[in-house]
Amino acid sequence: MSTRIAFLKGHGTENDFVIVPDPENAVDLSPVAVAALCDRRAGIGGDGLLHVVRSAAHPEAAEMAAEAEWFMDYRNGDGSVAEMCGNGVRVFAHYLQRAGHVAEGDITIATRAGVKSVHLAKNGDVTVGMGRAVLPAGDVTVSVGEHNWPARNVNMGNPHAVAFVDDLGQAGTLFTPPPVTPASAYPDGVNVEFVVDRGPRHVALRVHERGSGETRSCGTGACAVAVATARRDGADPAVTGTPVTYTVDVPGGRLVITEHPDGGIEMTGPAVIVAEGDIDAEWLAAVRL
């Protein structure tokens, strides 16, 4: 192994990531190593880590290699594996373009939630085809202190509980995961979104992401919120045949979410690379111990 390992740092609406380019899947990124890299005091710092691997080189993505050359091996800030990260896909695509692996226009990226279609626009915005939302049946409740709210169970390739509140301050500190019942609805944990209205088809959210805590943005969460809000508002493109678009404000910026009559959901927003450098391989090897 070389003495240094390349990394970049990027964000999408301030949902920030450590990016580790590793086309041949040669870097050992254990959960402990990922958590150390994402540590904001002792490491580089990030809500999560984007491990950039060729699909053919990763056992979880090899079957998708014919559809997508690159696999987003996404990890949460605590080192745990996640199925999907919407802001992460935008930053991942922006990195691929910056590195010269892809050109402006349409590309595909493999994720644990399947192959995602991405469009890199001239103005720097990135649009991601996020797939379809699944709305599992059953009542779900979110709690903070003495407050309880009914929530909408939405799955965007990862699980979400969407609660509509009067004020985002009611979400509390979000240092720890808000209790969600029944626990059986989310056996692998859940991302919890608290939502308020800002205007017609315009909402704002705060989110606790499982494995990361409160983050400045959550792409799949914004999609889940747009779908949950549309259904609350009586809008279902599959029924009306008309797309519905919501503007979703997150603490780190703004995303635009469109749900189409075929169920497909598109998310548009910015992606930024802010730094690049090298990880000391000896340090990384030591934190694995």
Side-chain angles (χ1 to χ4, degrees), residues 13-15 47-48 74 76-78 80-88 113 130-199 201-236 244 246-255 257 259 265 267:
T13 49
E14 298 182 12
N15 192 187
D47 293 322
Y74 181 68
N76 293 314
D78 65 355
S80 60
V81 170
E83 302 92 339
M84 174 61 180
C85 175
N87 289 315
M130 299 289 288
R132 293 169 171 79
V134 175
L135 303 175
D139 295 329
V140 177
T141 301
V142 170
S143 303
V144 175
E146 297 180 355
H147 295 283
N148 299 284
W149 299 273
R152 191 71 187 248
N153 187 348
V154 183
N155 194 292
M156 286 297 310
N158 58 359
H160 297 267
V162 180
F164 294 93
V165 298
D166 295 324
D167 187 298
L168 291 178
Q170 292 177 312
T173 64
L174 294 182
F175 290 151
T176 57
V180 180
T181 55
S184 59
Y186 302 105
D188 298 317
V190 61
N191 304 288
V192 182
E193 287 82 23
F194 297 87
V195 186
V196 296
D197 289 296
R198 290 287 189 242
R201 295 193 176 178
H202 184 185
V203 295
L205 68 80
R206 287 179 63 197
V207 57
H208 183 283
E209 290 194 62
R210 58 176 181 168
S212 297
E214 182 172 15
T215 60
R216 300 284 293 170
S217 180
C218 177
T220 56
C223 293
V225 164
V227 171
T229 308
R231 300 303 181 272
R232 183 205 63 178
D233 294 345
D236 186 346
V244 60
Y246 278 83
T247 297
V248 181
D249 291 342
V250 296
R254 176 168 289 178
L255 297 167
I257 313 298
E259 185 182 10
I265 297 169
M267 172 188 63

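Model, not experiment: these values are computed from the prediction.
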Hey, does Val192 have a side-chain heavy atom less than 4.5 Å from the side chain of Val190? yes
Considering non-hydrogen atoms only, spot the tightest contact between His208 and Gly213 and give its length. NE2-CA, 3.5 Å
Interatomic distance, His160 atom NE2 to Arg152 atom CZ [nearest 0.5 angstrom]: 14.5 Å
Trp149 and Ala163: which non-hydrogen atoms are nearest, and at how many Å? CB-CB, 4.1 Å
Just do the side chain to side chain contact (heavy atoms under 4.5 Å, CB included) check on Cys85 and Asn15 with the steps written out, would you? CA-CA 10 Å; Cys85 175; Asn15 192 187; 4.1 Å; yes
For the backbone of Asp78 and the side chain of Asn76, can you confirm whether one donor and one acceptor N or O come within less than 3.5 Å of each other? no
Restricting to non-hydrogen atoms, name the atom on Pro159 and the atom on Tyr186 that form the minimum distance, rounded to 0.1 Å. CB-CD2, 3.6 Å
Check this for me: does any side-chain nitrogen of one of Arg210 and Glu83 sit under 4.0 Å from a carboxylate oxygen of the other? yes
Verify side chain to side chain contact (heavy atoms under 4.5 Å, CB included) between Asp236 and Arg231, making sure each step is shown before the conclusion. CA-CA 6 Å; Asp236 186 346; Arg231 300 303 181 272; 3.6 Å; yes
Show your reasoning for whether side chain to side chain contact (heavy atoms under 4.5 Å, CB included) applies to Gln170 and Val144. CA-CA 7 Å; Gln170 292 177 312; Val144 175; over 6 Å; no
Does the pair Val225 and Tyr246 meet the rule for a side chain to side chain contact (heavy atoms under 4.5 Å, CB included), with working shown? CA-CA 9 Å; Val225 164; Tyr246 278 83; over 6 Å; no
Exam field: side chain Ser217 to backbone Gly252, donor-acceptor pair closer than 3.5 Å: no
Shortest non-hydrogen contact between Leu168 and Phe194, atoms and distance: CD2-O, 3.3 Å
With a 3.5 Å distance limit and no angle check, can you tell me whether Asp233 reaches the backbone of Ala235 through a side-chain donor-acceptor pair? no
Spatial distance of atom OG1 (Thr215) from atom CZ (Arg206) [nearest 0.5 Å]: 10.5 Å
Within the distance-only criterion (no hydrogens, no angle test), does the side chain of Arg216 pair as donor or acceptor with the backbone N or O of Gly253 below 3.5 angstrom? no
Working to the nearest 0.5 angstrom, can you tell me the gap between Glu214 CD and Thr176 OG1? 11.5 Å
If you compare all heavy atoms of Pro182 against all heavy atoms of Val140, which two are closest, and at what distance to 0.1 Å? CD-CA, 4.4 Å
May I ask you to decide if Gly199's main-chain N or O and Asp197's side chain share a donor-acceptor pair within less than 3.5 Å? no
Test item: Arg198 side-chain N/O and Ala204 main-chain N/O as donor-acceptor pair under 3.5 Å: no
Nearest-0.5 Å distance that lies between atom SG in Cys218 and atom CG in Asp47: 9.5 Å
Identified side-chain contact (heavy atoms from CB on, under 4.5 Å) counterpart of Thr220 within the set Met267, Glu209, Met156: Met156
Shortest non-hydrogen contact between Gly219 and Asn87, atoms and distance: N-ND2, 3.1 Å
